[in-house]
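Fair warning: this is a prediction, and the values are worked out from it, not measured in the lab. Numbers restart at 1 for each chain; the letters A, B, ... are given by sequence-line order, proteins then strands.
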Amino acid sequence: MQLHNTATGHKEQFEPQDPQRVTMYVCGPTVYNYAHIGNYRPPVVFDVLARVLRRRYPGVSYARNITDIDDKINAAAAREGVEIGVITSRYAAAFHEDLAALGVAPTDHEPRVTEHIPQIIAMIERLIASGNAYAAEGHVLFQVATYADYGQLSRRDTREMLAGARVEVAPYKKDPGDFVLWKPSTPDLPGWDSPWGRGRPGWHIECSAMAEALLGDTIDIHGGGHDLVFPHHENERAQSTCAHGGQVFARYWLHNGFVTMNSEKMSKSLGNVLLVREMLKHAPGEAIRLGLLTGHYRQPLDWNDDTIPDARRKLDRLYGALRDAGAVAPSDAKAPEAFVAALEDDLNTPAALAELFELARTLNKAESAEEKSRLAAQLRDAGSLLGLLHQSPQAWFALPSAHGDGAPAAAEIEGLIAQRADAKKAKNFKEADRIRDELKARGVLIEDSAQGTRWRYVDA
RNA sequence: GGCUCGAUGGCAGAGUGGUUAUGCAGGGGACUGCAAAUCCCCGUACGUCGGUUCAAUUCCGGCUCGAGCCUCCA
């Protein structure tokens, strides 16, 4: 398998340290509000990677954290006048609901920062002992100058960075680039007792500590959004490497590109944030997932008004092939080589999808029962690697369309189809066509097939 | 200003030093009472200017435009 490693800037052959236990850590959300479509690109992309790895290796240990202590959470809690737990449990639950709708499988571990405070404190103590960190005025800071490789992951020159000095330099910092590992909490803020007084962890140290606790000193794959390369991952790398006596922290760094909205960054200030829970009111989760997988994960993905309808029509085609195959005998045929090869080539989902459509075409043309059975199984298995095609075609086609609110219910549709069948039998095609046109106007498309008339909701 | 990554047909989006994926949309045909679905066939591409080469969309350089990071951010 080939993976693009941010640390080297190249695609590399992936060789796990231990094929019995491939380890992957992906930065998860800070739960202080509802997440938008861009926030779900990493969970979906790395979910596919986990599926591909699990197929190839006997053991995979995948961790994705939930950050449940953070200044934005504190601010949200203060605004509502509640404990931070109210905020974090609400948005963590929403995150899980969205993930389920998007077909993202649970990870092996989902560590929370508030459950790893002792590990975080212990790691900070080690960094102080090793001379990489220092305490000052209730803070503990990582001293960047003690780690010669700092800046290597993000390919930044620290001297130039510091010269740029857009960071406000706190008086307790030895160097402007030093970043906080622990900061003091005032009595009104959440905090934990520590050797440096009551306080809370900085943002970067949590991931280092949780990755160590769950996956060990050196992990195989570390993933996240492209924006995390600097400073978050650069800092994680510095902390973990120094805390582990110079051992490599992550062997492969993977970063996904951003989702843009009509070519603009998605941000609250631009007012173009698309919340997944809002999208789910009008679109199947499976279509949203496919939308996120239509582009290569490292490229920016532009989300526009056509993305969901396009994804829906693609799924119509794939599910249509499965439906037309009919009730075929079960087969344990696996995804085709070319399909798996595409995914193992740095997770080339567009190329894999092309193979999926080739498979659907072949299935549509298949004549023998054995061939249909085998191809349908292959299509299902390939789909499962992408986390798609897990439902029955009947269930898929019965999903309401974007304009489903005004569409007739299934019972009414079946009644009209029966009337139309009678009209057809009597060769009253005018009446039959009238019924079909009426249904079409109301968002229902009907199709006559050898197995009888079937219907589905369509976008108006 | 520094760094990173892009620029492919109407839209989305892979890939390749010479034969130009895939899906949607469009055109033609088969099938159908008519449609739809399905199958077959067909247009419209590789930002721009140079360079390397027998040959470049593909390699190199300049330019233009775009996205991201340098500050919380998936």
query: Is any side-chain nitrogen or oxygen of A:Asn348 closer than 4.0 Å to OP1 or OP2 of B:G15?
result: yes
task: Ignoring backbone atoms, establish whether A:Arg361 has a side-chain N or O less than 4.0 Å from OP1 or OP2 of B:G23.
output: yes
- request: Give a yes/no answer on whether the side chain of A:Arg155 brings an N or O atom under 4.0 Å of OP1 or OP2 in B:C70.
  value: no
- line: Value for CD1 (A:Ile435) from NZ (A:Lys424), rounded to nearest 0.5 Å, stands at 11.0 Å
- request: Please confirm whether A:Tyr252 and A:Phe14 have ring centers closer than 6.0 angstrom.
  value: yes
Any A:Lys430 side-chain nitrogen or oxygen under 4.0 Å from OP1 or OP2 of B:C34: no
message: Any base atoms under 4.0 Å from A:Lys424, or only sugar-phosphate, or nothing? Heavy atoms, all strands.
response: base
message: Does the plane of the ring in A:Phe179 sit parallel, tilted or perpendicular to the ring in A:Phe142? Use 30° and 60° as the thresholds.
response: parallel
task: For A:Leu353 and for A:Pro42, locate the closest nucleotide of RNA chain B by heavy-atom distance; then report the residue assigned to the nucleotide nearer the 5' terminus.
output: A:Leu353
message: Taking side chain to side chain donor-acceptor pair (under 3.5 Å) as the criterion, tell me which of A:His233, A:His222, A:His226 meets it with A:His255.
response: A:His233
task: Using the six-membered ring wherever Trp is involved, compare the ring planes of A:Tyr319 and A:Phe397 and label them parallel, tilted or perpendicular (cut-offs 30° and 60°).
output: perpendicular
message: Once you measure the plane-to-plane angle for A:Tyr457 and A:Trp455, does it fall in the parallel (<30°), tilted (30-60°) or perpendicular (>60°) bin?
response: perpendicular
query: Taking N and O atoms by type only, does the side chain of A:Arg436 place a donor or acceptor under 3.5 Å from a partner on the base of B:A35?
result: yes
query: Quick one: does A:Asp448 reach the base of B:C34 with a side-chain donor-acceptor pair under 3.5 Å?
result: yes
query: With a non-hydrogen cut-off below 4.0 angstrom, is A:His255 in contact with a base, only sugar-phosphate, or nothing?
result: nothing
query: Distance between the P atoms of B:C49 and B:C40, in whole angstroms?
result: 39 Å
- request: Just call it for A:Asn39: base, sugar-phosphate, or nothing, with non-hydrogen atoms closer than 4.0 Å on any strand.
  value: base
field: Inter-nucleotide C1' distance (B:G61, B:U52), Å rounded
entry: 11 Å
task: Would you state whether a donor and an acceptor, one from the side chain of A:Asp433 and one from the base of B:G33, lie under 3.5 Å apart?
output: yes
task: Rounded off to whole Å, could you give me the CD-to-C1' distance for the A:Glu367 and B:U38 pair?
output: 12 Å
query: Where along residues 414-423 of chain A does a heavy atom come under 4.0 Å from RNA chain B, residue by residue in number order?
result: A:Arg420
- prompt: Is the shortest distance from a Lys or Arg side-chain nitrogen in A:Arg323 or A:Glu447 to a carboxylate oxygen in the other one below 4.0 Å?
  reply: yes
query: Reading RNA chain B 5' to 3', how would its secondary structure be written in dot-bracket notation, given Watson-Crick and G-U pairs with both distances under 3.5 Å, brackets [ ] for crossing pairs and | for partners on other strands?
result: (((((((..(((.....[...))).(((((.......)))))....(((((..]....))))))))))))....
Check the interface with nucleotides 66-69 of chain B: list each N/O to N/O pair with the protein under 3.5 Å, or write none.
unit_1	atom_1	unit_2	atom_2	d
B:G68	OP1	A:Lys265	N	3.3
B:C69	OP1	A:Lys265	NZ	2.6
B:C69	O2'	A:Arg156	NH2	3.0

message: Both A:Gly38 and A:Glu358 contact RNA chain B. Taking the nearest nucleotide for each, which residue is further toward the 5' end?
response: A:Glu358
